[in-house]
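For reference, the structure discussed in these notes is given below.
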Number of protein chains: 2
Amino acid sequence: MSKFWSETAKRTKPYVPGEQSNEPNILKLNTNENPYPPSPHVIEAIKEELERKLNLYPSPTVDQLREAIAGNLQLSSENVFVGNGSDEVLAFAFMAFFEPNKKIRFPAISYSFYPVYANLFGIPYEEVQLNRDFTLPADAFFQSEGGVIFPNPNAPTSVYLQLDAIKEIVENNPNQVVIVDEAYIDFASESAVTLINSYENLLVVQTMSKSRSLAGLRIGYAMGHPELIQALVRIKDSFNSYTLDRLAIAGGTAAVKDTAYFQQTTEKIVQTRDWVIENMKKRGFYVLDSQANFIFASHYNEPAEDLYVELKNSGVLVRHFSKALIDNYLRITIGTDENMQHFFKKLDEIIDSKKASTH
Amino acid sequence: MSKFWSETAKRTKPYVPGEQSNEPNILKLNTNENPYPPSPHVIEAIKEELERKLNLYPSPTVDQLREAIAGNLQLSSENVFVGNGSDEVLAFAFMAFFEPNKKIRFPAISYSFYPVYANLFGIPYEEVQLNRDFTLPADAFFQSEGGVIFPNPNAPTSVYLQLDAIKEIVENNPNQVVIVDEAYIDFASESAVTLINSYENLLVVQTMSKSRSLAGLRIGYAMGHPELIQALVRIKDSFNSYTLDRLAIAGGTAAVKDTAYFQQTTEKIVQTRDWVIENMKKRGFYVLDSQANFIFASHYNEPAEDLYVELKNSGVLVRHFSKALIDNYLRITIGTDENMQHFFKKLDEIIDSKKASTH
């Protein structure tokens with residue numbers, strides 16, 4: 001800490017992302033990336049854009065990408081805001097809709113970036129305890145003082161909240177903005193995007209990092225009433241006129257337009273998830289009902305932290321959170337079938353050698 | 001304005017960037033982009049990266065690019081912070097070093113994003129009047145309450161401040177951070193980067209948008225004492241873990257390494273600038289002594305706003321600011337020799353037809 005740091009810099013408690021390993025033989029099941037490459041049309045579109053004008057600024061309004069997203073979701077481009085990953089979109093949303101003197105609410109077990117944003121912007125918050133089965137108690141979010149944010153499906157639990165419950169939360173916060181962070185929604189049953197034309201206080205945030213296989217390109221977006229979108233634009237235009245580069249705009253637009261590839265890869269991941277869950281249960285894991293591209297699982301006997309360490313030692317990265325109530329769970333990203341077979345091979349070796357050593 | 005907007009969203013006065021026209025026959029001399037394409041190595045490096053893992057997150061610490069920049073400038077990578085364009089880097093710097101209760105200082109005629117950041121983050125400010133010749137009065141920046149920021153060369157004036165004056169400003173703000181925004185420094189005589197090992201309160205910000213021909217890729221960076229860099233990292237990690245995408249990291253690194261191409265294109269622009277200034281003077285323009293890739297010029301007879309409009313009507317975009325003291329000036333980006341010949345052709349047609357109509 002230095003005398004030159006602002007009070008803001010001093011009070012922040014930065015987010016710690018999952019490990020990014022460059023070792024070629026590591027199996028990365030720790031940051032919920034998509035195991036499939038992006039659509040071939042994405043690569044093509046970026047190559048074409050490369051031949052154009054990288055020396056000129058990109059569009060500050062990014063109409064092309066906003067229109068593609070809107071078209072896909074039967075919205076108008078006035079309902080769509082785009083940013084440099086959904087983390088940036090969420091940061092702008094905290095600035096645009098939450099106040100330094102009004103407590104917001106989010107789940108106590110949730111995306112751990114929410115308290116980080118709150119500390120950064122000096123926004124007070126209340127953490128809402130989940131039910132014992134890790135479902136969200138909708139009524140605990142009613143009548144919030146400063147607004148509400150939660151992921152759906154929730155992270156790191158993978159548990160999905162039905163739209164009826166979301167409607168109730170939105171209706172019971174008539175003067176506050178409710179942000180539904182749908183990073184994993186494309187692996188779940190239904191998005192809250194269908195509700196935004198009915199509620200002027202609902203903001204839905206999505207990302208291309210998971211279902212569109214574009215974590216490396218940094219594209220997130222928010223959908224809501226045009227007045228909410230305008231507030232995000234005001235914040236962004238007071239922060240950085242051009243948050244998306246030319247290649248991301250071109251690639252993102254191509255990704256949105258390739259619906260067939262998107263459906264094929266997301267369906268494949270959902271299938272793999274289902275057999276992974278089945279096989280985890282056979283091995284004595286309790287697995288939460290997942291609607292995401294990851295599962296959240298706890299073994300009846302083997303401590304999660306030990307498994308995390310031993311999997312890491314055998315070249316498989318999963319995620320473990322040293323946090324009350326979930327410290328005996330592992331969050332495991334769904335890879336390809338081959339990835340998951342390799343995962344089970346290593347897992348079985350670990351469990352077998354533990355059994356052998358205790359007999 | 002909506003009842004859902006935060007006080008922050010309400011009070012912001014967003015920055016308005018120069019027009020981005022997609023019309024193919026427009027000559028864009030209005031946003032200080034480089035007329036030359038980026039180094040061929042940049043395109044190659046991006047194509048290679050495209051074959052790798054766009055489905056995986058980029059490095060959150062961006063070591064590869066930071067090391068390349070540090071190597072170029074005889075610094076350690078601990079002295080270097082990178083971000084999504086220098087606008088983002090400046091936004092983070094406002095959060096990291098300036099306080100909501102201490103007045104910062106910047107020039108009254110300067111980059112018009114500074115008051116926008118200040119409004120966004122609620123930081124009070126004093127605008128320092130320039131000297132009558134548009135030079136910066138160094139001593140007016142001494143003993144600031146909350147810190148200092150200014151561009152060097154200044155924008156939109158193009159005027160350069162000598163390092164001796166910068167040293168005095170830094171030494172006379174021993175408890176505050178002084179930010180020198182060097183967006184255009186590669187077209188000028190000497191960077192303040194050479195001073196950062198001597199002063200722990202100096203932050204120097206640069207960009208790849210101008211001299212590296214990469215406005216479309218969004219890469220900016222800051223250099224300073226490691227404790228200043230750590231504060232920027234804390235803010236960034238509380239805002240967005242991955243601000244640079246994989247393609248920008250690959251392309252930016254290649255750009256930094258191609259010193260020969262960089263020198264060749266920047267030298268060419270400086271040569272073009274010198275003959276443009278000469279030719280402007282021949283046509284009755286007063287031109288400030290430019291050390292940037294643009295000039296700031298005022299005609300003895302023709303109002304700047306009229307010239308701006310008529311140039312626009314003939315397909316040449318330059319920039320005009322409707323602001324006291326500079327409203328009779330045009331800011332004109334230096335393009336290729338061919339671009340500038342075309343500019344003079346159109347300018348001469350306009351001036352000739354005006355003369356004809358007044359006789």
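All values derive from a computational prediction rather than experimental measurement. Every heavy atom of this structure was used, including side-chain atoms; hydrogens, water molecules and symmetry mates were not. Reminder, nothing fancy here: chain letters follow the sequence lines and each chain counts from 1.
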**OP:** Go through the steps to decide whether B:L232 and B:F97 satisfy the test side-chain contact (heavy atoms from CB on, under 4.5 Å), and finish with yes or no.
**Re:** CA-CA 9 Å; B:L232 291 170; B:F97 307 119; 3.9 Å; yes

Which one of [options] has the most heavy-atom pairs closer than 4.5 Å to chain A?
options: B:G251, B:P38, B:G85, B:A96; value: B:A96
options: B:F121, B:F92, B:F113; value: B:F113
options: B:P14, B:A9, B:A248; value: B:P14
options: B:V116, B:N240, B:N119, B:D87; value: B:N240
options: B:N34, B:L50, B:N84; value: B:N84

Original post:
Just wondering, more than 12 heavy atoms not from B:E171 lying within 6.0 Å of its CD?
Top reply: yes

Original post:
If you draw a 6.0 Å radius around NZ in A:K10, do more than 12 non-hydrogen atoms from other residues or ligands fall strictly inside?
Top reply: yes

Choice from [options] maximising heavy atom contacts with chain B below 4.5 Å:
options: A:Q176, A:E51, A:K28, A:K53; result: A:Q176
options: A:H225, A:R234, A:E49; result: A:R234
options: A:S209, A:S86, A:P37; result: A:S209
options: A:L214, A:L228, A:I249; result: A:L214
options: A:L217, A:V177, A:I235; result: A:L217
options: A:V42, A:N175, A:T8; result: A:N175

**OP:** For the pair A:E44 and A:K47, find out whether any cationic side-chain nitrogen is under 4.0 Å from an anionic carboxylate oxygen.
**Re:** no

Can you say whether [X] sits under 4.5 Å from chain A via the side chain, the backbone, both, or neither, judging by heavy atoms?
X: B:P174; result: backbone
X: B:P60; result: side chain
X: B:K210; result: side chain
X: B:T12; result: both
X: B:P35; result: backbone
X: B:Y36; result: backbone

Subject >> From A:M95 atom CE to A:I123 atom CD1, the distance as rounded to the nearest 0.5 Å >> reply: 8.5 Å

Original post:
About how many Å separate CG of A:L29 and CG of A:L27, when rounded to the nearest 0.5 Å?
Top reply: 4.0 Å

Original post:
Do B:L54 and A:I43 pass the side-chain contact (heavy atoms from CB on, under 4.5 Å) test, and can you show the C-alpha distance, the side-chain angles, and the key distance before you say yes or no?
Top reply: CA-CA 9 Å; B:L54 223 44; A:I43 308 298; 4.3 Å; yes

Original post:
Mind checking whether A:Y242 and A:Y57 have parallel, tilted or perpendicular rings, split at 30° and 60°?
Top reply: parallel

Original post:
Within the distance-only criterion (no hydrogens, no angle test), does the side chain of A:T31 pair as donor or acceptor with the backbone N or O of A:E33 below 3.5 angstrom?
Top reply: no

**OP:** Would you mind checking which part of A:S59 comes under 4.5 Å of any heavy atom in chain B, side chain (CB onward), backbone (N, CA, C, O), both or neither?
**Re:** neither

**OP:** Name the region of A:T243, side chain, backbone, both or neither, that has any atom closer than 4.5 Å to a heavy atom of chain B.
**Re:** both

Original post:
Is the ring centre of A:Y111 less than 6.0 Å from the ring centre of A:Y15?
Top reply: yes

Subject >> Centroid-centroid under 6.0 Å between B:F98 and B:Y114 rings >> reply: no

Original post:
Stepwise, does the side-chain contact (heavy atoms from CB on, under 4.5 Å) test hold for B:L56 with B:R246?
Top reply: CA-CA 9 Å; B:L56 300 188; B:R246 284 180 169 265; 3.6 Å; yes

